[in-house]
Amino acid sequence: MNQFTLKFQATELDIRRCSNAGQVFRWQEIGNNEFLGIDGGDWYHIFIIPGCDEDTFEVTTSADECRFHSLFRLELSYPELGRQLTELGPELIPYLSFGQGLRMMRPNCATETLFSFLCTANNHLARIKPMVQKLGSFGSKVHRVKEHPIHEFPNIATIARLKESQLRELGFGYRAKSIPLVAQELESRGAETYLEGLRNETYELAFSELISIKSIGPKLADCIALFALDLTEATPLDTHMWNVVTQLYFPEWKSLNLTDQRYRTASSFMRNRFGKLSGFAHQFLFFHDLSI
DNA sequence: TAGGGACCTGCC
DNA sequence: GCAGGTCCCT
């Protein structure tokens, strides 16, 4: 167990925004300015003490400070990122200023990210979070913070052996079937070694690998590539992004459905415009539409 | 190849 | 009804 203290301006890191932006699903505010977050087998218990210039973050964690830095990409200067994005696309300016303090997280556990996003399809946040929490409860309990038990996220082999009936009873709906099936498919490809190995591949290869798994379509594949595999040119297009993207770049597609062809055209357009920063552009656009 | 319907569940 | 989609079938 490690403890350390960091200082940030509110515009540098806003944990509340990071927790609620739909990038991680086992993060919650358990008290006033007190957060508990779980990433695979790591947990983070964070107190934020507001200051006049900077806020003080007191972090207690099973991981180390280095992991915390990686999780929130603290090596990345957001003012500099903002400048680069603005240069590539001035239309982002209002979205950047709206999303101050929101950072693209980089969870350590790719398995948790993959199965979390499997729960998001045709679903809403109020149901997604409890579902991911329940999936997490199949992992072993490693700690407790106040009344909150902390389970490490189950490994792929464990998920592959879950029974559909069991998950149905827990309210997973039709995902009760696909969750173990996806785990079995991953297992046959080499389980965690295969999934984490995709981090070293190109975006294009990782994307094509992921969509070849039944139940993972282009949107989930892009979320997994972006958040779990650190392939930041991935640009997930969901209904929120579709609103924004058609408004900003494809007005002729306003009121049209997002088909597979349009998905490929629009997300390629974003990648051509923003390159490796496209995933970051996506997050600011998405967060704005999510919040209005 | 593009478009429409079905799919679990819970909150608006 | 509809939600941060995907599959399956015309």
Side-chain angles (χ1 to χ4, degrees), chain A residues 17-27 95 98-99 102 104-105 107 112-135 162-186 207-229 232 234-248 250 252-268 270 278-292:
Chain A
R17 285 191 158 179
C18 290
S19 308
N20 295 326
Q23 46 181 342
V24 290
F25 302 92
R26 290 202 293 167
W27 284 71
Y95 300 92
F98 182 85
L102 173 63
M104 174 108 68
M105 291 173 71
E112 171 154 6
T113 301
L114 188 151
F115 286 95
S116 296
F117 278 99
L118 205 47
C119 295
T120 66
N122 190 24
N123 208 349
H124 52 271
L125 209 53
R127 190 154 83 105
I128 296 165
K129 282 196 173 191
M131 281 170 74
V132 176
Q133 205 69 243
K134 285 176 199 171
L135 255 193
L162 295 177
K163 293 277 164 284
E164 177 179 350
S165 57
Q166 188 180 11
L167 293 173
R168 285 259 173 199
E169 285 171 19
L170 288 170
F172 280 81
Y174 58 80
R175 300 167 194 82
K177 188 171 182 176
S178 55
I179 288 169
L181 282 176
V182 167
Q184 287 160 30
E185 177 60 28
L186 287 168
F207 180 83
S208 70
E209 284 289 315
L210 289 167
I211 56 167
S212 71
I213 298 169
K214 193 173 156 179
S215 300
I216 298 182
K219 193 273 180 181
L220 297 193
D222 273 330
C223 286
I224 295 160
L226 179 58
F227 295 112
L229 305 179
T232 59
T235 312
L237 299 186
D238 57 358
T239 53
H240 294 290
M241 273 297 283
W242 189 237
N243 287 340
V244 184
V245 163
T246 54
Q247 191 185 323
L248 288 179
F250 295 91
E252 68 277 20
W253 284 351
K254 201 84 195 158
S255 79
L256 291 181
N257 289 324
L258 178 53
T259 62
D260 195 55
Q261 279 309 308
R262 289 187 198 123
Y263 189 104
R264 285 167 192 276
T265 304
S267 64
S268 296
M270 291 289 288
S278 188
F280 294 91
H282 139 270
Q283 194 179 37
F284 285 107
L285 297 172
F286 167 77
F287 182 69
H288 175 83
D289 199 78
L290 181 72
S291 307
I292 57 174

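Chain identifiers are assigned alphabetically (A, B, ...) following the order of the sequence lines, protein sequences preceding nucleic acid strands; residue numbering begins at 1 within each chain.
- Within 4.0 Å of I128(A), counting heavy atoms only, lies no atom of the nucleic acid at all.
- Distance CG (L237(A)) to P (dT6(C)): 11 Å, rounded to an integer number of Å.
- Contact annotation for P218(A): backbone-only contact, meaning every heavy-atom pair under 4.0 Å involves sugar-phosphate atoms and none involves a base.
- At a cut-off of 3.5 Å, with distance as the only test, a side-chain donor of S278(A) or T235(A) sits close to an acceptor on the other residue.
- Between the P atoms of dT6(C) and dC11(B), the separation comes to 24 Å (whole Å).
- Among the atoms of the strands shown, base atoms are found under 4.0 Å from some heavy atom of A21(A).
- The separation between I292(A) atom CD1 and dA3(C) atom C1' is 16 Å, rounded to whole Å.
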Worked verdict on F117(A) versus F25(A) for ring-ring contact (aromatic ring centres under 6.0 Å, His included): CA-CA 9 Å; F117(A) 278 99; F25(A) 302 92; 5.3 Å; yes

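- Separation of the P atoms belonging to dC2(C) and dG4(B) is 15 Å when rounded to the nearest angstrom.
- Under the 3.5 Å distance criterion, the side-chain polar atoms of Y263(A) are left unmatched by any main-chain donor or acceptor of L258(A).
- Of all the heavy atoms in C119(A) and I128(A), the pair that sits closest is O-CG1, 3.8 Å.
- Inter-residue side-chain proximity for E164(A) and F172(A) is flagged as unmet; no heavy-atom pair is nearer than 4.5 Å.
- Across all strands shown, L258(A) has no heavy atoms under 4.0 Å from either base or sugar-phosphate atoms.
- No side-chain donor-acceptor contact under 3.5 Å links R175(A) to the backbone of L167(A).
- The P atoms of dG5(C) and dT1(B) are separated by 25 Å, rounded to the nearest whole Å.
- In this structure, the side chains of C18(A) and W27(A) stay at 4.5 Å or more apart for every pair of heavy atoms.
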Intra- and interstrand pairs of DNA chain C - dot-bracket, Watson-Crick/G-U under 3.5 Å, | marks other strand: |||.||||||

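- Where S215(A) and F286(A) each meet DNA chain C at their nearest nucleotide, the meeting point lying more 5' is that of F286(A).
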Nucleotide-resolved protein contact map, nucleotides 2-12 of chain B, B/S/- at heavy-atom distance under 4.0 Å: SSS--BBBB--

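- Taking the side chain as every heavy atom from C-beta outward, S255(A) and T246(A) never approach each other to under 4.5 Å.
- Rounding to the nearest 0.5 angstrom, the gap separating the CZ atom in F115(A) from the CE atom in M131(A) is 12.5 Å.
- By the 4.5 Å heavy-atom criterion applied to side chains, L229(A) and T113(A) are not counted as neighbours.
- Side-chain atoms of M270(A) and M241(A), non-hydrogen and from C-beta on, do get closer than 4.5 Å to each other.
- Counting to the nearest Å, the P atom of dT6(C) and the CG atom of L181(A) are 16 Å from each other.
- A cation-pi arrangement is not found for R264(A) relative to F207(A), the charged atom failing to lie both closer than 6.0 Å to the ring centre and inside a 45° cone about the ring normal.
- Separating the CG atom of D222(A) from the C1' atom of dT6(C) is a distance of 14 Å, rounded to the nearest angstrom.
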Using a cut-off of under 3.5 Å, enumerate the N/O to N/O pairs linking the protein to nucleotides 8-10 of chain C.
residue: dC8(C); atom: OP1; partner: K214(A); partner atom: NZ; Å: 3.0

